[in-house]
**Q** 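Take a look at the following structure, please.
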Amino acid sequence: MSESPVGPILQSRYDPSGIEPALYRRWLDRGAFHVEASDAEDPYVIAIPPPNVTAALHMGHGLNNTIQDVLVRFERMRGRDAMWIPGTDHAGIATQNVVERQLQKDGLTRQDLGREAFVERVWEWVDTYGNTIIEQLKTIGCSCDWERTRFTLDPGLSRAVREVFVLLYEKGLIYRGNYIINWCPRCHTALSNEEAEHQEVEGRLWHIRYPLADDSDRWITVATTRPETMLGDTAVAVNPADESNADLVGREVELPLTGRRLPIVADEFVDPEFGSGFVKVTPAHDPNDFEIGRRHGLTELNIMHGDGTLNENAPEAYRGLDRFEARDRIVADLENAGLLEKVDRHEHAVGHCYRCGTIVEPRLSLQWFVQMKPLAEPALAAFRAGELRFHPERFGATYEHWMTSVRDWCISRQLWWGHRIPVWYCRDAGCGEIAVSREDVDSCPTCGGQVEQDPDVLDTWFSSWLWPFSTLGWPDETEDVRTFYPTSTLSTAPEILFFWVARMVMAGIEFRGELPFTDVLLHGTVRDAQGRRMSKSLGNGIDPLQVVEMFGADAMRYTLVSAAALGTDLQLDHEDLESSFRVGRNFANKIWNVARFALGYLSADDVARDPRTLELELADRWILARLSAATRTVTDGLTKFRLHEAAEAAYHFVWSEFAAGYVELVKPRLRGDRGEKSRDAAAATLATVMDGWLRLLHPIMPFITEELFCHMPGRSSEDSLLCGPWPEFVPDELDAEAESAIEALRDVVSAVLNLRSEYSIDPGRRIDLVLVDPPPALVAALDAESEGLTMLARLENLETVIASPEGEPGAHAVLQTGGEIFLPLRDVIDLDREKQRLVAELDRLSSLLSAARGKLENSGFLERAPVEVVEREREKAMSLEQRYERLLEKKAAFGLD
RNA sequence: GGGGCGGUAGCUCAGCUGGCUAGAGCGCUGCGUUCACAUCGCAGAAGUCGGGGGUUCAAGUCCCUCCCGCCCCACCA
């Protein structure tokens with residue numbers, strides 16, 4: 001595509017809609033985001049948290065990816081080889097669910113299609129819709145290295161998954177066994193502990209009588225929150241220290257509704273103080289009971305099908321009933337039999353499937369597990385050694401807690417969409433070989449007989465935890481892996497700290513011997529105006545694409561970054577996008593217009609010249625110094641992941657100091673009112689400072705800054721600030737003299753405008769100003785900028801005197817930066833009004849003054865506070881005192897006592 | 001049950017290691033449009049920094065305690 005010449009920028013309203021897509025295309029055409037390993041000397045790498053392939057961009061993505069883009073662009077401008085690797089996650093359950101729902105519309109199930117056809121169908125879906133979110137990321141400006149886009153089910157990543165499975169198996173860290181796992185009866189699969197979300201639920205505690213087998217007049221009472229599981233009871237337990245019930249141990253009860261006999265066993269687990277002191281033991285449906293069962297060699301009786309209906313192990317009357325129907329039926333039957341002693345209300349936390357919200361069923365099941373302790377130990381050690389840093393820091397504690405109490409990870413899923421478990425079983429029961437292999441296995445390696453692959457797939461996170469290196473070609477020792485691993489920063493939402501972040505650390509250390517990243521940035525949650533999480537079901541989400549369309553990507557990015565202070569949530573109003581994103585939109589418009597103004601006065605020479613080689617005036621020195629200060633603040637903020645501070649500093653500099661301050665001051669000079677030399681200095685300064693803040697803002701607002709950068713005379717669309725350089729902070733460029741002079745000048749302007757407003761002086765009217773006893777900084781400013789003052793304060797005459805004119809009616813103000821101003825306005829000054837003003841101001845000063853004096857009279861303060869602090873306090877007191885005295889004189893002089 | 005976070009202007013929030021007269025944006029009030037921008041400008045009002053106690057020369061900031069929200073983790077049935 002041909003580079004279009006840069007056109008004029010005429011419109012006073014910034015319209016990003018044409019600019020942003022064109023620029024993005026230009027960047028892509030230049031391959032500006034691609035980094036070759038061979039060229040990367042100082043890589044800065046971010047691996048994107050791969051969004052689910054089913055996902056459409058929401059504000060959470062908008063925020064997270066803006067943050068990453070800001071960091072990547074910043075480091076790219078700083079001269080590093082910044083590489084941001086993008087991609088998507090196959091999201092086992094979520095994606096399978098989407099396609100199953102689609103089938104459902106045609107009245108079909110995945111079983112109707114069969115495994116192979118179903119998986120093919122999912123691939124079709126992925127091929128059609130899977131790129132959606134990738135394209136959306138481009139719209140918001142993400143500078144990912146798209147040539148490296150990966151998918152967790154790509155052949156390469158699949159190979160990594162297999163490699164890891166085999167390695168862990170060979171190391172004895174992967175095992176298969178029958179344990180209680182969290183089962184989702186809707187998704188028909190096992191879940192990990194992390195995938196079961198616990199929510200407080202108001203439930204019931206049913207107290208049920210189990211009669212003694214040999215004495216039906218006696219019974220013991222057990223309490224349960226899940227009465228239907230009684231059908232799977234195989235014992236009743238009591239605490240061995242519970243003396244009142246000691247005689248019962250070894251005897252039997254008859255399980256109601258079934259007639260089965262259950263032994264009474266003694267087990268430490270039972271808390272004699274809770275409930276009745278007896279626990280029904282259901283080893284196949286409760287983790288504690290499972291443990292008790294193993295200790296006592298109890299039968300493990302699974303009473304449910306995968307869909308949560310009761311199976312053949314339940315009495316006939318209940319078979320086929322859903323677990324909750326069965327619960328109601330059983331409770332009713334117990335009541336009829338007179339065995340229901342009482343029902344209490346009971347608050348408890350119940351696990352829900354993180355994908356579909358169904359109540360999870362703890363269920364005995366044959367699954368594959370990863371033993372986590374050996375992986376967690378080095379991951380914990382690395383954190384404790386300070387090699388892994390969280391921002392905000394507090395998440396370190398959360399990480400530490402999880403790592404120390406981590407349980408084994410159930411990795412098999414009874415799904416069809418995902419990485420197939422690389423395990424083959426020999427069909428010959430006599431042989432019993434289990435082959436775990438990197439390559440597909442066709443026949444039994446031991447007996448040569450037929451084999452069958454494990455039907456299950458792996459937890460999605462079993463591929464995600466390898467993301468920082470599987471995306472780079474591992475297990476091959478590629479140049480990419482060597483160059484780009486470890487990555488630098490990981491930015492993500494706190495929700496997936498355990499799912500993903502913690503596991504990536506473990507995998508990184510285990511398989512690459514090195515942490516996958518050094519800094520983890522956990523951003524806040526995007527909420528609506530009422531503070532609720534944004535969610536599909538509440539319909540309170542905001543579509544980032546709509547925001548981009550309405551206000552532009554830059555406006556959205558600026559708004560998000562400035563609203564997201566480190567570690568805090570941010571609120572946006574989905575019903576009023578205009579008010580939510582106004583800040584960013586207005587800022588973009590301000591940038592556009594101040595640039596439009598500047599460009600109207602600049603020539604290519606101005607842009608090319610270094611202002612420091614010219615005869616600079618005070619205002620020029622001032623704004624250059626302020627740019628340096630802003631450079632320091634912005635750089636600091638970005639370096640410390642305090643993005644909102646960087647955003648705010650840049651905003652303030654551009655708006656208040658550059659546009660409202662400098663530009664207003666130099667307008668006459670730019671028009672040539674003070675001669676060629678002065679104009680040149682102003683123009684060169686204007687260009688340099690503008691160039692500087694365009695750079696400072698580029699990571700946050702890449703489009704508008706690039707556009708304006710290319711519009712600067714002497715530049716074209718061939719130019720770009722993508723690769724910097726980033727402005728460097730040079731302490732010598734600060735200029736205390738110029739800064740205090742201009743500050744004094746701005747103080748005068750404010751004070752005059754204040755009085756004008758107080759006395760409702762017609763804005764068009766030019767008035768006289770008398771400056772009384774101006775301090776040196778102000779004198780310096782007046783030498784250079786008296787015209788500026790005259791213009792900004794809208795003055796007729798400006799007079800400087802040593803002593804205040806006596807007896808003349810007018811308005812007074814004492815300046816904070818020293819000196820006083822006097823407006824001789826006999827026609828509008830009302831003596832009473834003036835008196836009120838003076839008295840109010842005197843009051844204010846007097847209380848400040850006595851506070852300062854109080855400190856200085858305090859010997860403890862003088863002795864213990866650092867010298868600078870005391871000195872500062874002294875200066876403050878002196879200045880307050882002077883101002884106070886001056887005001888008092890005014891009051892006296894006017895007979896205003 | 002364990003751990004964490006938050007309570008600062010009407011609203012949303014900054015205020016990092018204690019130290020200038022506690023800030024910003026929005027909103028509000030008043031005034032203002034030839035001359036980059038009304039998606040603008042100027043000026044202004046508005047805060048017992050959740051309550052109480054303590055440490056300190058000095059506390060929004062550190063400690064204790066209480067109150068009010070929120071979040072995470074947890075196998076007491």
Side-chain angles (χ1 to χ4, degrees), chain A residues 12-14 180 198 205 222-226 229 237 269-271 273-276 278-282 286-291 346 348-349 362 392 394-395 397-398 401-402 405 407 494-495 497-498 525 529 531 551 555 559 562-573 578-580 582-583 585-601 640 642 644-645 648 651-652 659-660 663-664 667 671 749-750 753-758 760-764 792 816 844-845 847-848 851-852 855 858-866 868-870 872-873 875-876 880:
Chain A
S12 67
R13 283 182 174 219
Y14 174 54
I180 300 280
H198 289 270
L205 191 58
V222 298
T224 180
T225 53
R226 295 190 294 150
T229 63
F269 168 77
V270 182
D271 176 359
E273 306 300 316
F274 186 90
S276 59
F278 291 97
V279 174
K280 62 189 272 305
V281 183
T282 321
D286 183 280
N288 295 314
D289 295 6
F290 175 78
E291 296 295 330
H346 186 69
H348 62 145
R394 71 184 127 90
F395 285 106
T398 314
H401 178 254
W402 187 81
S405 58
R407 283 175 292 160
E495 296 94 276
L497 188 58
F498 309 134
T525 305
F551 313 113
T559 304
S562 68
L566 187 58
T568 67
D569 292 350
L570 61 158
Q571 290 199 338
L572 298 169
D573 188 346
E578 143 91 24
S579 89
S580 295
R582 186 183 291 148
V583 184
R585 181 202 57 184
N586 291 359
F587 186 38
N589 197 60
K590 171 58 79 173
I591 290 170
W592 183 253
N593 277 294
V594 78
R596 232 158 48 88
F597 168 81
L599 294 179
Y601 288 96
K640 294 178 180 161
R642 301 177 74 90
H644 88 279
E645 283 183 9
E648 222 162 71
Y651 180 97
H652 179 258
V663 164
E664 291 307 328
K667 275 177 178 173
R671 285 191 291 258
V749 173
S750 264
L753 294 178
N754 180 350
L755 288 178
R756 295 184 68 123
S757 177
E758 289 260 353
S760 305
I761 294 161
D762 178 1
L792 295 172
Q816 197 166 335
R844 203 178 67 89
L845 289 178
S847 61
L848 290 174
K855 278 193 186 178
N858 181 339
S859 59
F861 176 71
L862 296 174
E863 284 159 26
R864 304 200 193 190
E868 324 75 90
V869 175
V870 175
R872 228 180 298 152
E873 202 60 33
E875 279 166 20
K876 183 172 99 186
L880 284 168

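Keep in mind that what you see is a predicted model, and the values were worked out from it rather than measured. Numbers restart at 1 for each chain; the letters A, B, ... are given by sequence-line order, proteins then strands.
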**Q** When you measure from the side chain of A:T224, which nucleotide among B:rC40, B:rA77, B:rA43 comes out closest?
**A**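 Nearest nucleotide to the side chain: B:rA77.
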**Q** Rounding to an integer number of angstrom, what distance separates B:rG60 and B:rC49 when you compare their P atoms?
**A**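 So the two P atoms sit 7 Å from each other.
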**Q** Both distances below 3.5 Å, Watson-Crick or wobble geometry, any strand: find the nucleotide opposite B:rG44.
**A**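 Its partner is B:rC28.
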**Q** Once hydrogens and angles are ignored, does a donor-acceptor distance under 3.5 Å link the base of B:rA58 to the side chain of A:E873?
**A**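 Checked by distance alone, the answer is no.
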**Q** Pick the closest RNA chain B nucleotide for A:A349 and for A:R394 by heavy atoms, then say which residue is nearer the 5' end.
**A**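 Going by which nucleotide is closer to the 5' end, it is A:R394.
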**Q** Is B:rU33 paired to anything, Watson-Crick or G-U wobble with both distances less than 3.5 Å, and if yes, which nucleotide?
**A**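 Because no pair has both required distances under 3.5 Å, B:rU33 counts as unpaired.
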**Q** With a cut-off of less than 4.0 Å, is there a side-chain N or O of A:H346 near OP1 or OP2 of B:rC76?
**A**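 False: A:H346 side-chain N/O out of range (4.0 Å or more) of B:rC76 OP1/OP2.
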**Q** Where the side chain of A:V869 is defined as all heavy atoms beyond and including C-beta, which of B:rG32, B:rC16, B:rG19 is the nearest nucleotide?
**A**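 Ranking B:rG32, B:rC16, B:rG19 by closest atom to the A:V869 side chain puts B:rG19 first.
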**Q** Using atom C1' of each nucleotide, how far apart are B:rC67 and B:rG30 to the nearest Å?
**A**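 It comes out at 41 Å once rounded to the nearest Å.
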**Q** Classify A:N858 by what it touches in the nucleic acid, base, sugar-phosphate, or nothing, heavy-atom distance under 4.0 Å.
**A**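 Result for A:N858 = sugar-phosphate.
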**Q** So which atom in A:S12 and which in A:R596 form the shortest heavy-atom distance, rounded to 0.1 Å?
**A**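 Smallest heavy-atom distance, with atoms named: CB-NH2, 3.2 Å.
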**Q** Taking the C1' atom of each, how far is B:rA46 from B:rC28, in whole Å?
**A**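 Pairwise C1' distance, B:rA46 against B:rC28, rounds to 9 Å.
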**Q** Name the closest nucleotide to the A:L753 side chain, picking from B:rU39, B:rC42, B:rA77.
**A**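 Nearest to the side chain of A:L753 among the choices is B:rC42.
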**Q** Whole-Å distance between B:rC72 P and A:F498 CZ?
**A**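 The answer, rounded to whole Å, is 10 Å.
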**Q** For B:rA14 versus B:rG50, give the span between their P atoms, rounded off to a whole number of Å.
**A**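 Roughly 13 Å separates the two P atoms.
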**Q** For A:N754 and B:rG44, what is the distance between atoms CG and P respectively, to the nearest whole Å?
**A**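 Distance, rounded to whole Å: 5 Å.
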**Q** With a cut-off of less than 4.0 Å, is there a side-chain N or O of A:R671 near OP1 or OP2 of B:rC35?
**A**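 For B:rC35, neither OP1 nor OP2 has a side-chain N or O of A:R671 closer than 4.0 Å.
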**Q** So, OP1 or OP2 of B:rG25: does either fall under 4.0 Å of a side-chain N or O from A:R585?
**A**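 For A:R585, the contact criterion (side-chain N or O under 4.0 Å from OP1 or OP2 of B:rG25) is not met.
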**Q** Among B:rG25, B:rC76, B:rA14, which is the nearest nucleotide to the side chain of A:F269?
**A**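 Nearest to the side-chain atoms of A:F269, counting from C-beta on, is B:rC76.
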**Q** Measuring only the C1' atom in each nucleotide, how far is B:rU17 from B:rC31? A whole number of Å is fine.
**A**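 Here B:rU17 and B:rC31 have their C1' atoms 45 Å from each other.
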**Q** Under 4.0 Å between a side-chain N or O of A:K667 and OP1 or OP2 of B:rA36?
**A**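 Answer is yes, contact under 4.0 Å.
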**Q** Taking CG from A:D286 and P from B:rC76, how many angstroms apart are they, rounded to a whole number?
**A**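 Nearest whole value for this atom pair: 10 Å.
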**Q** Using the side-chain heavy atoms of A:H198, tell me which of these nucleotides is nearest: B:rA74, B:rA36, B:rA77.
**A**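 Of all the options, the side chain of A:H198 is nearest to B:rA74.
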**Q** So that I can tick it off, tell me whether A:E868 and A:R872 are bridged by a salt bridge, with the cut-off set at under 4.0 angstrom between side-chain N and carboxylate O.
**A**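 Salt bridge flag = no for A:E868 with A:R872.
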**Q** If you only use heavy atoms from C-beta on, which nucleotide in B:rC31, B:rC16, B:rC73 is closest to the side chain of A:K640?
**A**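 Between B:rC31, B:rC16, B:rC73, the one nearest the side chain of A:K640 would be B:rC16.
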**Q** Determine the Euclidean distance between corresponding C1' atoms of B:rU8 and B:rA43; express it in Å to zero decimal places.
**A**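 So the two C1' atoms sit 25 Å from each other.
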**Q** With distance as the sole criterion, do the side chain of A:R582 and the base of B:rU39 form a donor-acceptor contact below 3.5 Å?
**A**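 Checked by distance alone, the answer is no.
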**Q** Among B:rA77, B:rA36, B:rC73, which is the nearest nucleotide to the side chain of A:V279?
**A**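 Closest nucleotide to the A:V279 side chain: B:rA77.
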**Q** According to the interplanar angle, ranging from 0 to 90°, do the rings of A:W402 and A:F498 count as parallel (below 30°), tilted (30 to 60°) or perpendicular (above 60°)?
**A**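 Rings of A:W402 and A:F498: parallel, as their planes differ by under 30°.
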**Q** Which value, in whole Å, describes the distance between the P atoms of nucleotides B:rG18 and B:rG25?
**A**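 Going atom to atom, P in each nucleotide, I get 28 Å.
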**Q** In whole angstrom, what separates A:L848's CG from B:rA22's C1'?
**A**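 Rounding to the nearest Å, CG of A:L848 and C1' of B:rA22 are 13 Å apart.
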**Q** Mind checking the P distance from B:rC76 to B:rC62? Whole angstroms is fine.
**A**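 These two P atoms come out 34 Å apart once rounded.
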**Q** Hey, which of these two, A:T398 or A:V663, hits RNA chain B nearer its 5' end, going by closest nucleotide?
**A**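 On the 5' side of the pair lies A:V663.
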**Q** Picking from B:rA77, B:rU39, B:rA36, which would you name as closest to the side chain of A:N593?
**A**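 In terms of side-chain proximity for A:N593, the closest of B:rA77, B:rU39, B:rA36 is B:rA36.
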**Q** Can you tell me how far C1' of B:rG27 sits from CD of A:E578, to the nearest Å?
**A**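 Value for this atom pair: 13 Å.
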**Q** Nearest to the side chain of A:T568, heavy atoms from C-beta on, is which of B:rA77, B:rC42, B:rC13?
**A**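 It is B:rC13.
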**Q** Could you check whether any side-chain heavy atom of A:V870 comes within less than 4.5 Å of a side-chain heavy atom of A:L862, counting everything from C-beta outward?
**A**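 SC-SC contact between A:V870 and A:L862 confirmed.
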**Q** Taking atom P of B:rG25 as reference, at what distance in whole Å does atom CD of A:E648 sit?
**A**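 One finds 9 Å between P of B:rG25 and CD of A:E648, rounded.
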**Q** Is A:K590 near enough to B:rG41 that one of its side-chain N or O atoms lies under 4.0 angstrom from OP1 or OP2?
**A**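 Checking B:rG41 against A:K590, a side-chain N or O does come within under 4.0 Å of OP1 or OP2.
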**Q** Less than 4.0 angstrom between a side-chain N/O of A:S405 and OP1 or OP2 of B:rA74, yes or no?
**A**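 A:S405 to B:rA74 OP1/OP2: no side-chain N or O under 4.0 Å.
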**Q** Among B:rA36, B:rG19, B:rU39, which nucleotide has an atom closest to any side-chain atom of A:R13?
**A**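 For A:R13, the side-chain atoms sit closest to B:rU39.
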